[in-house]
Engineer: 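Attaching a single structure in structure tokens format; questions to follow.
Below, read A as the first sequence line, B as the second, and so on, with proteins coming before strands; counting in each chain starts at 1. Keep in mind that what you see is a predicted model, and the values were worked out from it rather than measured.
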There are 2 protein chains.
Amino acid sequence: MPESHSGESLLYLTDEQLRQGIEAMYFAYRGFTADPDRILATMAYGRAHHRAIHFIKRAPGTTVTNLLEILGVTKQSLNRVLRTLIEDGLVESRVGPSDRRERNLFLTEAGEALENRLSDAQRVRMRSAYRDAGPEAVSGFRKVLEAMMDGEMKRRYASLRENGS
Amino acid sequence: MPESHSGESLLYLTDEQLRQGIEAMYFAYRGFTADPDRILATMAYGRAHHRAIHFIKRAPGTTVTNLLEILGVTKQSLNRVLRTLIEDGLVESRVGPSDRRERNLFLTEAGEALENRLSDAQRVRMRSAYRDAGPEAVSGFRKVLEAMMDGEMKRRYASLRENGS
DNA sequence: TTGGAGTGTCAACAAAGCTGACTTATTGTG
DNA sequence: CACAATAAGTCAGCTTTGTTGACACTCCAA
């Protein structure tokens with residue numbers, strides 16, 4: 001893949017082409033969230049619950065403060081979501097073993113089960129989009145997305161990649 | 001950490017790789033909306049106003065029903081937003097020339113000005129992401145996004161592309 | 001022992017979505 | 001013409017998810 005002429009053809013990107021990219025991003029994001037949203041709507045949960053569950057699954061034992069930073073919401077907002085998840089037995093909050101002010105968050109079996117349903121639905125769509133677009137498109141997709149993140153988000157995203165995989 | 005995922009390696013897309021795509025989409029979308037959000041926060045507007053302005057700019061003279069379909073929200077929800085935009089003199093609502101039940105929506109000069117500020121901000125980020133990622137990445141990005149849309153969204157997206165460009 | 005960090009919670013509020021039930025024009029059709 | 005259907009707008013009320021601000025409690029570290 002020659003990167004050499006990268007600048008040139010980009011110089012001719014019109015506002016109209018950029019606008020189409022913006023609209024593609026908007027419509028695609030709606031597709032991206034549609035499947036989990038449908039599942040969540042059948043229970044008393046919303047997208048905020050999904051996000052919490054997702055990142056607890058991703059980094060089991062994470063603290064509340066850490067989750068707060070990843071999600072970028074206020075403590076009060078997250079706490080409302082977290083509280084219902086704990087009450088419903090989807091999330092377990094354990095007192096931190098070294099620092100007992102901290103709470104380490106884990107998914108229970110029921111929590112894992114819901115997380116699976118949700119991310120399965122999302123992965124099915126993602127996988128099919130990847131298949132339709134082809135392997136080279138996928139790496140381009142990822143490159144543009146990463147370039148589109150704020151510096152702070154990029155940091156968070158990268159730190160998750162270190163843990164995972 | 002092998003970075004190169006091109007070619008036949010797609011057949012072996014792991015759940016973990018898909019999960020990274022999901023997270024990239026999540027963080028990127030936040031970057032995508034961050035700049036307009038910052039501008040909107042300084043006035044009494046939110047993302048819903050931005051979307052209305054965006055699509056009126058895109059399809060001047062559009063009817064309320066058409067906008068409703070593109071945005072996929074209820075009449076009541078859109079109306080609340082539209083009403084403030086009309087009151088504030090950013091949007092003009094003209095009685096339809098052929099069918100007087102319809103209202104054709106247009107941006108006023110002030111509306112155009114705000115639209116420009118918002119989409120400039122968004123385009124700057126988009127352009128810089130495109131430049132960072134390179135031209136080939138851009139076409140891949142667009143391919144995956146289109147494949148990720150729901151059928152209905154894809155239709156709406158395509159119909160906008162016909163008009164524009 | 002005291003300051004500050006991590007957590008949880010109360011109250012109040014706002015944005016933006018929703019449902020359901022209407023009204024008012026206007027248009028097209030039988 | 002009469003009437004049903006369509007486009008738009010509105011009222012009331014509810015939900016989710018975000019926000020501030022204030023405060024309490026626990027615990028770590030200097």
Engineer: In whole Å, what is the span from the CG atom of N66(B) to the C1' atom of dA8(D)?
Structural biologist: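 The distance from CG of N66(B) to C1' of dA8(D) comes to 14 Å, rounded to the nearest Å.
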Engineer: Measuring to OP1 and OP2 of dG18(D), would you say a side-chain N or O of R51(A) lies under 4.0 angstrom away?
Structural biologist: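 Yes, such a contact exists.
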Engineer: Let me have the donor-acceptor pairs involving side chains of residues 39-47 of chain A, under 3.5 Å, with sequence neighbours excluded, atom names and distances please.
Structural biologist:
from: T42(A); atom 1: OG1; to: I39(A); atom 2: O; distance (Å): 2.6
from: Y45(A); atom 1: OH; to: D88(A); atom 2: OD2; distance (Å): 2.3
from: R47(A); atom 1: NE; to: D37(A); atom 2: OD1; distance (Å): 3.3
from: R47(A); atom 1: NE; to: D37(A); atom 2: OD2; distance (Å): 3.2
from: R47(A); atom 1: NH2; to: T33(A); atom 2: OG1; distance (Å): 3.3
from: R47(A); atom 1: NH2; to: D37(A); atom 2: OD2; distance (Å): 2.6

Engineer: I need the CG-P distance between L82(B) and dA7(D), as an integer number of Å.
Structural biologist: 16 Å
Engineer: In whole Å, I'd like the distance from the CE atom of M43(B) to the P atom of dA15(C).
Structural biologist: 15 Å
Engineer: What is the distance, rounded to the nearest whole Å, between atom CG of N104(A) and atom C1' of dG6(C)?
Structural biologist: 12 Å
Engineer: Starting at CG of L85(B) and ending at P of dA15(C), how long is that distance when rounded to a whole Å?
Structural biologist: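 After rounding, the gap between these two atoms is 13 Å.
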Engineer: Between H50(A) and E115(A), do the side chains contain an N or O donor and an N or O acceptor separated by less than 3.5 Å?
Structural biologist: no
Engineer: What is the distance, rounded to the nearest whole Å, between atom CG of L105(B) and atom C1' of dG9(D)?
Structural biologist: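 Value for this atom pair: 13 Å.
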Engineer: Looking at every strand, decide which applies to R80(B) at a 4.0 Å heavy-atom threshold: base, sugar-phosphate, or nothing.
Structural biologist: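 Since a base atom lies under 4.0 Å of R80(B), the category is base.
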Engineer: Is D15(A) paired with R127(B) through a side-chain N to carboxylate O contact shorter than 4.0 Å?
Structural biologist: yes
Engineer: What is the distance, rounded to the nearest whole Å, between atom OH of Y45(B) and atom P of dG18(D)?
Structural biologist: 24 Å
Engineer: With heavy atoms under 4.0 Å as the rule, sort R83(A) into base, sugar-phosphate or nothing.
Structural biologist: sugar-phosphate
Engineer: Does NZ or CZ of R94(B) come closer than 6.0 Å to the centre of the six-membered ring of F106(B), within 45° of the ring's axis?
Structural biologist: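 Yes - R94(B) lies over the ring of F106(B), closer than 6.0 Å to its centre and within 45° of its axis.
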Engineer: Let's go through Y26(A) and Y29(B) carefully: what are the C-alpha distance in whole Å and the side-chain angles of both, what is the deciding distance for ring-ring contact (aromatic ring centres under 6.0 Å, His included) to 0.1 Å, and is it a yes or a no?
Structural biologist: CA-CA 8 Å; Y26(A) 169 67; Y29(B) 194 79; 7.7 Å; no
Engineer: Can you check the R47(B) CZ to dT19(D) P distance for me, whole Å?
Structural biologist: 12 Å
Engineer: Counting only side-chain N and O atoms of N79(B), is one of them less than 4.0 Å from OP1 or OP2 of dA8(D)?
Structural biologist: no
Engineer: Check for me whether R156(B) meets the cation-pi criterion with F27(A), that is, NZ or CZ under 6.0 Å from the six-membered ring centre and within 45 degrees of the ring axis.
Structural biologist: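 Geometry flag: not set, cation outside 6.0 Å or 45°.
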Engineer: Please tell me whether Q20(B) and R142(A) have a donor and an acceptor in their side chains that are separated by less than 3.5 angstrom.
Structural biologist: yes
Engineer: What string of B, S and - do you get for nucleotides 19-30 of chain C 5' to 3' if you count protein non-hydrogen atoms under 4.0 Å?
Structural biologist: BBB---BBS---
Engineer: Does OP1 or OP2 of dA15(C) have a side-chain N or O of H49(B) closer than 4.0 Å?
Structural biologist: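 No, outside the criterion.
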